[in-house]
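Protein chains get the first letters and strands the later ones, always in sequence-line order, with residue 1 at the start of each. Treat the numbers as computed from the prediction; the structure is a model and nothing was measured. These numbers come from the heavy atoms of this one structure, side chains and all, not from hydrogens, waters or symmetry mates.
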Amino acid sequence: MSEIGSEVLVIGGGAAGMSAALPASARAKVTVVDDNPLLGGQIWRAELGKIRSPEAKLLIESLEAGKITVINNAHVFGPDSYGRLLAESPDGTIQLKYEKLVLATGARERFLPFPGWTLPNILGAGGLQAMVKGGLSIENKRVVVAGTGPLLFAVADYLKAKGAIVVCIAEQAPAATIRRFALGLWRYPTKITQGTAMRIRLRDVPYLTNSWITGCIKSSGSSNAITATISRRGKTVSLDCDYVACGFHLVPSTELASVLGCRIEKGVVVVNEYQQTSVANIYCAGEPTGIGGIEASLVEGKIAGLSATGQTDAAREHFAERDKTRRFGKALNSAFALRAELKRLAGPDTIICRCEDVEYGRLTEFPSSREAKLQTRCGMGPCQGRICGAATEFLFGWEPGTVRPPIFPVKMENL
Amino acid sequence: MITLTINGSKISVEEGTTVAAAVICSGETAFRRSVTGEARGPLCGMGICFECRVTIDGEVLKRSCNITAIDGMEVSTDE
Ligand SMILES: Cc1cc2nc3c(=O)[nH]c(=O)nc-3n(C[C@H](O)[C@H](O)[C@H](O)COP(=O)(O)OP(=O)(O)OC[C@H]3O[C@@H](n4cnc5c(N)ncnc54)[C@H](O)[C@@H]3O)c2cc1C
Ligand code: FES
């Protein structure tokens, strides 16, 4: 086991983690740990091993120039003793010692089960985008993009640029809510500019509001084609495609904060104005404190990095900007709130827990995720409830089960 | 270009391609069989769901979406 000591340890090399590391490095020895081959996080995920965004490149270069230690391909799986974390890497386990910790672990997509959702070629929206960035050819493939949230737009735009035929974007939110959200964007000019440019590029792609996927089956005949059914304003429409990219907005990844004892309420890590969690030497920035978009991650990262190194006056200068991104986050999350109809998509034999193949019909009798886990193994597979937990919370109102280390399955010899 | 073996067949992909993308490129969509025998493929693309797990160079349960393909790698989807 190797050992790396830092004054400030940042977990997550996305927008939030990088922007925390930079100002912290002016005062302290900083290490950034991320489980991907390159920095950038979700929004700036590398394409075929290269970062494209100029903004991200600049951040990464500054990190490299700034004597910050970057450890890629290392998955932090839990605490060791006090002030130490353990990470699994291709070269074995790394023990990470820290004085201050910044958690910038991002978010993941929310998936909701519908009949047929476990078929191959049905992915998350960000999921399919990530696959294409990883070299999957999407040229001339027909893609139905569905679910909810602004990510659907970004993904459709990206896939189209890569040559995909985007059949439609099916957005479950009502048209009026989206319009209201869009009208409120005047406060955030960069979002308007980005949004307008995307709308223009996607002008020939139907953007269907009040519309959601109700099922998928393999098309008869050709091997991998899918027929997706969409409920649109009370009518059912069938669409043939090669891929379905379906995600229902995002859920904060709070597992690491949770095993470190940080207070979590309503699914987000609780922080004070300095981005400090309920554990004094642990800070948290970006999506784990609530879904708020890239600007929120950047500014929260800055505040966390400054505060963790005693630069509190400088941190305060960013409070107003942060508060603005929080207002945006609030508007975002309420505009794309899930409609009740989505609770009725799964049939009795629709699989909810993909790891253990537990169907909807076997879960309805249980009062909590704990009971269901004991009786059916729902949430006990390798993803440890990361996929089904968000679904059962929405479907049955179950609180997610308690997280125990290791927060990811780890090889025996690395434990 | 780099060349790897997927289920016994050689396939060449661009450098930087993930193992998951290479598997689909080889024509395989079933990355694993679920506990009841369903064919499964990638869902999240970011190392969370474990649906893309395959055997790489004899090591089982590797999440192919987060691993970059390397020349000479042997991948099988028979889990
Ligand atoms: C699949 C997906 C695609 C997205 N695509 C877009 C897009 O195209 N455009 C857009 O505007 N927004 C997109 N988003 C939203 C995105 O989350 C934010 O815009 C932005 O990336 C948030 O930055 P962040 O630093 O808070 O989190 P992230 O960018 O998610 O960064 C968190 C990082 O921490 C790493 N990490 C987490 N846990 C651990 C651990 N235990 N050990 C080691 N490393 C860990 C993660 O792998 C990740 O690299 C996407 C989100 C998802 C989930
Ligand atoms: S696709 Fe989800 S872990 Fe690889």
Using a cut-off of under 4.5 Å on heavy-atom pairs, state which of Met46(B), Glu15(B), Arg53(B) scores highest against chain A.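 Winner by heavy-atom pair count: Met46(B).
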What residue, out of Cys65(B), Pro42(B), Gly47(B), Gly41(B), has the most heavy-atom pairs lying under 4.5 Å from chain A?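 The residue among Cys65(B), Pro42(B), Gly47(B), Gly41(B) with the greatest pair count is Pro42(B).
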Non-hydrogen contacts under 4.5 angstrom with chain A: give the residues of residues 23-33 of chain B involved, or none if there are none.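 Only Ile24(B), Thr29(B), Arg32(B) of residues 23-33 of chain B have a heavy atom under 4.5 Å from chain A.
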Which heavy atom in [X] sits nearest to a heavy atom in [Y], and how many Å separate them?
{"X": "Pro120(A)", "Y": "Ala39(B)", "value": "CD-O, 3.6 Å"}
{"X": "Cys49(B)", "Y": "Cys355(A)", "value": "O-SG, 4.4 Å"}
{"X": "Gly134(A)", "Y": "Ala21(B)", "value": "O-CB, 3.2 Å"}
{"X": "Ala20(B)", "Y": "Met131(A)", "value": "CB-CE, 3.7 Å"}
{"X": "Asp357(A)", "Y": "Ser34(B)", "value": "OD2-OG, 2.6 Å"}

Audit row: Arg63(B), Asp35(A), salt bridge (charged side-chain N to carboxylate O under 4.0 Å, His left out) steps and yes/no: CA-CA 12 Å; Arg63(B) 278 164 286 169; Asp35(A) 53 2; over 6 Å; no
Looking at Lys141(A), I want to see if its NZ is surrounded by more than 12 non-hydrogen atoms of other residues, nucleotides or ligands under 6.0 Å.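 Not buried by this count: 12 neighbours or fewer within 6.0 Å.
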Are Thr36(B) and Glu359(A) side-chain neighbours, meaning at least one heavy-atom pair lies under 4.5 Å?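 Not touching, per the 4.5 Å side-chain cut-off.
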Between His75(A), Glu47(A), Lys50(A), which shows the greatest number of heavy-atom pairs under 4.5 Å with chain B?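 Winner by heavy-atom pair count: His75(A).
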For chain B, find which of Glu109(A), Arg354(A), Arg386(A) contributes the most heavy-atom pairs closer than 4.5 angstrom.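 Highest number of heavy-atom pairs under 4.5 Å: Arg354(A).
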Given a strict heavy-atom distance threshold of 4.5 Å, which part of [X] is in contact with chain B: side chain, backbone, both, or neither?
{"X": "Ile351(A)", "answer": "side chain"}
{"X": "Asn36(A)", "answer": "side chain"}
{"X": "Ser137(A)", "answer": "neither"}

Region of Val35(B) that comes under 4.5 Å of a non-hydrogen atom in chain A: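 For Val35(B), the contact with chain A is made by backbone and side chain together.
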Of all residues at least two apart in sequence or in a different chain, which pass the side-chain hydrogen bond (donor to acceptor under 3.5 Å, both in side chains) check with Gln384(A)?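 Here no residue qualifies.
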Quick check for you: to the nearest 0.5 Å, what is the distance between Glu38(B) atom CD and Thr118(A) atom OG1?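 Separation between the atoms: 4.0 Å.
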What residues of residues 406-415 of chain A sit under 4.5 Å from chain B when you count only heavy atoms?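 Heavy-atom contacts from residues 406-415 of chain A to chain B are Phe408(A), Pro409(A), Lys411(A).
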Quick one: which residues of residues 376-383 of chain A reach chain B at under 4.5 angstrom, heavy atoms only?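 Under the 4.5 Å heavy-atom cut-off, Pro382(A), Cys383(A) qualify.
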